[in-house]
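Here is the structure we will look at.
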Number of protein chains: 2
Amino acid sequence: MDSLLKRINLEIAAIGGKRSRSRAQVIEVFFRTGPHATLEDLAQAVRKRNRTVGYATVYRTMKLLAKLGYAKELDFGDGLKRYESNLESHHDHLVCQECGLVSEFQEPRIESLQEQVAKQHGFLPTMHRLDIYGLCRQCAVAGKKEN
Amino acid sequence: MDSLLKRINLEIAAIGGKRSRSRAQVIEVFFRTGPHATLEDLAQAVRKRNRTVGYATVYRTMKLLAKLGYAKELDFGDGLKRYESNLESHHDHLVCQECGLVSEFQEPRIESLQEQVAKQHGFLPTMHRLDIYGLCRQCAVAGKKEN
DNA sequence: CTCCATAGTGAATTTGAATTTCATTATCAT
DNA sequence: ATGATAATGAAATTCAAATTCACTATGGAG
Ligand SMILES: [Mn+2]
Ligand SMILES: [Mn+2]
Ligand SMILES: [Zn+2]
Ligand SMILES: [Zn+2]
């Protein structure tokens, strides 16, 4: 974590940036917070530790982390941007439309089929997004009982 | 097309709605326009035919078509809502990050693997979104030449 | 160390697509 | 025809996100 922050600061310096306490705090909170946190979530968590940090800095820092490749921007269609660490391996998402639970999965066969599809279209893929929406186990069971 | 509008009007009546000239024009333009049109695109097209139609009516009508199941809302992450007809069969999208070209594909093996994944997680899927981002054939070629 | 160009900050403001409001008009069952 | 109410369009509002700007902090040059 400390070495991670050091590495990030090096990269920031490499592109002509300086260090700052606020930004370091945002980065630390981000990597300590669970995945799929909204900007609001992150801002709350940061400001709980240091009230003086402004929303703008949280927003700017997350954009920066995304640019450097450390964070991924997510959008599950609820009008809120979410972020997750890009250090863990690639995965896709199951999003519960009832309770908002987001779970993750990996399916190499889907990944490879996507590559095939892209190739067939002469398309050079750089990323993809696969979100499956529906009801999580809990909410599916609860829904059945209501009938 | 005419019978489609009639069918839609019947469904609208069934839920206590009335008909209107403006709405009929929006619906007609929507089904005549290519897929993945933004709300702005649709509003422009409608107003080209009839200046008096307000943006609000275009927006409301598209939301209504989505609710009735005739239109699908799309979001390719550029901050603009897009709509496509839901009468054609399901497909996913290849989105060029350079020129904006959106192409479509169907891959039943991916669809079926998604079902499997959902089932494994006790998840009851209602829909999914798979977008592959990258460079279309044209832009990939153009990019190579620049190096 | 001191200087100082410039990156970073946070409060406040702005942006911009989408939605909502509201007074008016259009639809349609009776 | 009448009246209840759905639909309209201009304008106002919403809201997350981005931007502005006066000020502060950083860090390389000398
Ligand atoms: Mn995730
Ligand atoms: Mn499509
Ligand atoms: Zn759930
Ligand atoms: Zn292209």
Side-chain angles (χ1 to χ4, degrees), chain A residues 5-6 8-30 36-44 46-68 71-83, chain B residues 5-6 8-30 36-44 46-68 71-83:
Chain A
L5 185 57
K6 236 165 224 157
I8 293 174
N9 273 332
L10 274 179
E11 286 190 39
I12 290 173
I15 59 174
K18 298 174 179 174
R19 284 174 305 164
S20 95
R21 180 151 190 63
S22 293
R23 188 158 59 191
Q25 289 176 324
V26 174
I27 295 174
E28 205 177 318
V29 164
F30 167 60
H36 323 131
T38 65
L39 280 167
E40 179 65 25
D41 291 339
L42 292 169
Q44 291 296 334
V46 171
R47 289 163 65 84
K48 195 169 151 189
R49 175 183 300 199
N50 176 357
R51 273 281 191 79
T52 74
V53 177
Y55 277 74
T57 296
V58 179
Y59 281 47
R60 283 188 284 235
T61 300
M62 293 316 301
K63 264 249 168 322
L64 177 61
L65 282 183
K67 195 175 73 169
L68 295 180
K72 229 189 219 156
E73 276 186 333
L74 304 178
D75 174 7
F76 295 138
D78 58 358
L80 266 34
K81 258 182 196 164
R82 292 159 191 280
Y83 284 92
Chain B
L5 185 59
K6 236 165 224 159
I8 293 174
N9 273 330
L10 273 179
E11 284 192 39
I12 289 174
I15 60 175
K18 296 174 181 176
R19 285 175 303 166
S20 94
R21 179 153 188 64
S22 293
R23 187 158 58 194
Q25 289 175 325
V26 174
I27 294 174
E28 204 176 319
V29 163
F30 167 61
H36 322 134
T38 64
L39 280 166
E40 180 66 24
D41 291 339
L42 292 169
Q44 292 297 332
V46 169
R47 289 163 65 84
K48 196 168 149 191
R49 176 183 298 199
N50 176 358
R51 275 281 191 78
T52 74
V53 177
Y55 277 72
T57 296
V58 178
Y59 282 46
R60 282 188 285 235
T61 299
M62 292 315 302
K63 265 249 167 328
L64 177 61
L65 283 183
K67 195 175 73 168
L68 295 180
K72 229 190 219 156
E73 277 187 331
L74 305 178
D75 173 8
F76 295 138
D78 58 357
L80 266 34
K81 258 182 196 165
R82 292 159 191 280
Y83 284 92

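Proteins get letters first, then strands, A, B, ... in listed order; numbering begins at 1 in each.
- Side-chain contact between I8(A) and L64(A): absent, with no pair of heavy atoms (C-beta onward) separated by less than 4.5 Å.
- The side chain of R23(B) approaches dT8(D) more closely than any other nucleotide in the set dT8(D), dA5(C), dA10(D).
- Side-chain contact between D78(B) and R82(B) is present, with at least one heavy-atom pair separated by less than 4.5 Å.
- The side chain of S22(B) places an N or O atom within less than 4.0 Å of a non-bridging phosphate oxygen (OP1 or OP2) of dG9(D).
- Closest-nucleotide positions on DNA chain D for G16(B) and V53(B) were compared, and the one nearer the 5' end corresponds to G16(B).
- Using a 4.5 Å cut-off on side-chain heavy atoms (C-beta onward), T61(B) and I27(B) make contact.
- Residue-to-nucleotide proximity on DNA chain C shows that, of R21(B) and T61(A), the 5′-proximal contact is made by T61(A).
- Across every non-hydrogen atom of G54(B) and R47(B), the tightest pair is CA-NH1, 4.0 Å.
- Distance I15(B) CD1 to dT5(D) P: 17 Å, rounded to the nearest Å.
- Straight-line distance from the CD1 atom of I8(B) to the P atom of dA7(D): 14 Å, rounded to whole Å.
- A residue-by-residue look at R19(B) and S20(A) shows that S20(A) has its nearest nucleotide of DNA chain C further toward the 5' end.
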Reading 5' to 3' through nucleotides 15-20 of chain D, protein heavy-atom contacts under 4.0 Å coded B for base, S for sugar-phosphate only, - for none: -SBSBB
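- One atom, OH of Y55(A), and another, C1' of dT13(C), lie 16 Å apart when rounded to the nearest Å.
- In this structure, H36(A) NE2 and K72(A) NZ are separated by 9.5 Å, a value rounded to the nearest 0.5 Å.
- Atom CG of N50(B) is separated from atom P of dT8(D) by 12 Å (rounded to the nearest Å).
- In this structure, the CE atom of M62(A) is 14 Å from the P atom of dT9(C), given to the nearest Å.
- Within the 4.5 Å cutoff, the side chain of E11(B) has no heavy atoms near those of the K67(B) side chain.
- Atom CG of N9(A) and atom P of dG27(D) are 8 Å apart (whole Å).
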